[in-house]
Protein chains: 2
Amino acid sequence: MTQDIDIARIAALVGAPARAAMLLALGDGRALPAGDLAACAGVSAATASGHLGALREAGLLDIVRQGRHRYYRIASAQVAALLESLLLVAAQSPTRALRTRVDQRLQAGRTCYNHLAGRLGVALCDALIEREALRIDEEIAHFTRAGVALLAGFGLDTRALRHRPMSRTCIDWSERRHHLSGPTGVAIYRRCLELGWVRHHLDSRAVSVTKIGARGFQSTFGLAM
Amino acid sequence: MTQDIDIARIAALVGAPARAAMLLALGDGRALPAGDLAACAGVSAATASGHLGALREAGLLDIVRQGRHRYYRIASAQVAALLESLLLVAAQSPTRALRTRVDQRLQAGRTCYNHLAGRLGVALCDALIEREALRIDEEIAHFTRAGVALLAGFGLDTRALRHRPMSRTCIDWSERRHHLSGPTGVAIYRRCLELGWVRHHLDSRAVSVTKIGARGFQSTFGLAM
DNA sequence: CTCACGCTTCGGTTCGCGCCGAAGCATGCT
DNA sequence: AGCATGCTTCGGCGCGAACCGAAGCGTGAG
């Protein structure tokens, strides 16, 4: 049966953890550059490039050239549906039950490859937008003049972050909402660690907000914990 | 994130051709014994057993003990939906286009691991049921007294086939309909070859009906070609 | 023009896993 | 009881693929 190997080919493509991480990062339809996806998957650029090429060749991913970047995104709604199906089956898989407790902790606050995600990451992003420190156009985040000042007061020199776009948004899988990623997102997370606002648990990607942090998020970003 | 590896685990499970073939054979919800699934996947019993164990442990497959057989079946509707999703994505995958021509030939008549499938297999099964030679109860096929006589006239000694159940049904993937598998299905196919009713193409699993075969199927089983 | 950056290609290593044969276990037929 | 049958477990083999570092290529910035 020829179709056996067809579906096996597709499934095997999703079956490598690195590729699964990339697909999941793209799960909401955004387009991300290869470098970000490499970071998301925790592999080198070389490895990521190979994976992305394979996914594109199989028709799972589309490529959008824009400037010097090459943005990848999910090719069709069917592929997105396939990912949803997998999530559903994975969620009810028996081995999954053991992890559920950890996941709940992760939902509160965690890092998504060196930037803040979970409820904390989403709330911070919302607060920045509400204070008009951040604007999101075309799924790319820009800090306003007020935002740059705000970050300066927070101790971040935005001039040191010369990448363009300076920051990106990333949809959180538990909250299904935006949060800050990219170099700026990473810098904010690092600064939070320096200030002792959040603490990092060694055994997982979960982070928790300290007492000092709660006050800091409140006074600096207007973020009620 | 932990869920990356969750969906990767599930996808990788489906990603091996042998396991994909087994899942596809079970795709319509029937329960099949391990031996049949091994044949479907074209692997040894030892290999099949390992695969089935893994699929069961992951919650993709259920096991139903009945007599000395152990029947496997798809564990949930979600798993079936996952397979459908994969079929959909595989169908629109670019590499798929190359195979479409071959598939059309296969749809007419072909073997499904040593028994007749495709339109021919389905039509034969229908004809047997219509002539009251075959009855299907609980997805297991039984030949009636008239059916045994019919097969005897065809040159098959059904007493030589002492397996119980004597025959099984198998859903054809292109027709989505029943056809005969199991020892009886295999014996019928062999007999068709002996009589020169069908010819087997070496390069694929496609079979075609000869002129003699067309007359034979007509006179013996009342099957109009 | 030149440099820097992002991405891809190439070569080589390592590790996992899919596979089988043989032996072991259980179940039901004789 | 004894044998046959169906399935599983074990040990070992070999292929394939995932990974990285380094080099190559194209694009935009200075």
Side-chain angles (χ1 to χ4, degrees), chain A residues 4-5 8-23 31-58 61-73 159-166 168 182-183, chain B residues 4-5 8-23 31-58 61-73 159-166 168 182-183:
Chain A
D4 298 357
I5 67 166
R9 253 189 58 247
I10 303 295
L13 234 30
V14 188
R19 286 192 295 258
M22 293 174 177
L23 288 169
L32 292 177
D36 276 28
L37 291 170
C40 269
V43 295
S44 74
T47 303
S49 181
H51 286 320
L52 292 169
L55 290 170
R56 197 174 62 81
E57 193 174 2
L61 252 41
D62 253 356
I63 196 167
V64 182
R65 313 183 72 117
Q66 187 176 315
R68 93 163 93 181
H69 297 269
R70 308 177 73 157
Y71 291 90
Y72 287 90
R73 69 172 171 198
R159 287 171 310 181
L161 306 166
R162 40 207 173 97
H163 297 277
R164 276 159 47 99
M166 279 179 47
R168 261 180 236 101
Chain B
D4 298 357
I5 67 167
R9 253 188 59 247
I10 303 294
L13 233 31
V14 187
R19 286 192 295 259
M22 292 174 177
L23 288 168
L32 292 176
D36 277 28
L37 291 169
C40 269
V43 296
S44 73
T47 303
S49 180
H51 286 322
L52 291 169
L55 291 170
R56 197 174 62 83
E57 193 174 4
L61 251 43
D62 253 357
I63 196 166
V64 182
R65 313 184 71 117
Q66 185 176 317
R68 92 164 95 181
H69 297 270
R70 307 179 72 162
Y71 291 91
Y72 287 89
R73 68 173 171 196
R159 287 170 309 180
L161 305 165
R162 28 197 186 104
H163 297 278
R164 276 157 47 98
M166 280 180 46
R168 261 179 236 101

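Quantities reported herein were computed from a predicted structural model and do not represent experimental measurements. Each chain gets a letter, A, B and so on, in the order its sequence line appears, and its residues count up from 1.
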note: A/Arg56, atom CZ; C/dC7, atom C1'; distance rounded to Å ~ 12 Å

A/Tyr72 OH to C/dG6 C1', in whole Å, measures 11 Å

note: B/Ile63, atom CD1; C/dA26, atom C1'; distance rounded to Å ~ 13 Å

- Task: Compare all side-chain heavy atoms of A/Leu23 with those of A/Leu61 and state whether any distance is below 4.5 angstrom.
- Result: yes

When rounded to whole Å, the CZ to P distance for the pair A/Arg70 and D/dC25 reads 15 Å

*Base, sugar-phosphate, or nothing: which does A/Ala48 touch, judged by heavy atoms less than 4.0 Å apart?*
nothing

Classify the nucleic acid contact of A/Ala34 as base, sugar-phosphate or nothing, counting any heavy atom under 4.0 Å across all strands shown.
sugar-phosphate

Separation of C/dG16 atom P from B/Arg19 atom CZ, nearest Å, is 16 Å

Exercise for the section: Would you mind classifying the nucleic acid contact of A/Ala45 as base, sugar-phosphate or nothing, using non-hydrogen atoms under 4.0 angstrom? Expected result: base

Distance col, row B/Leu55:CG vs B/Leu13:CG, nearest 0.5 angstrom, shows 5.0 Å

On the nucleotide D/dC19, are OP1 or OP2 found under 4.0 Å from the side-chain N or O atoms that A/Ser44 carries? no

Distance col, row B/Tyr72:OH vs B/Asp62:CG, nearest 0.5 angstrom, shows 11.0 Å

Heavy atoms of B/Ala20 and A/Ala8 approach each other most closely as CB-CB, 3.8 Å

Exercise for the section: Look at B/His51 and C/dC19 and indicate whether a side-chain polar atom (N or O) is within less than 4.0 Å of OP1 or OP2. Expected result: yes

note: B/Asp36, atom CG; D/dG6, atom C1'; distance rounded to Å ~ 11 Å

Here the distance between atom P of C/dG16 and atom CZ of B/Arg9, to the nearest Å, is 17 Å

ask   = Does OP1 or OP2 of C/dG18 have a side-chain N or O of B/Thr47 closer than 4.0 Å?
value = no

Considering only heavy side-chain atoms of B/Ser49, the closest of C/dC7, D/dC19, D/dT9 is D/dT9

Atom OH of A/Tyr71 and atom P of C/dG6 are separated, to the nearest Å, by 11 Å

Quiz item: Do side-chain atoms of B/Arg19 reach the backbone of B/His51 as a donor and acceptor pair under 3.5 angstrom?
Solution: no

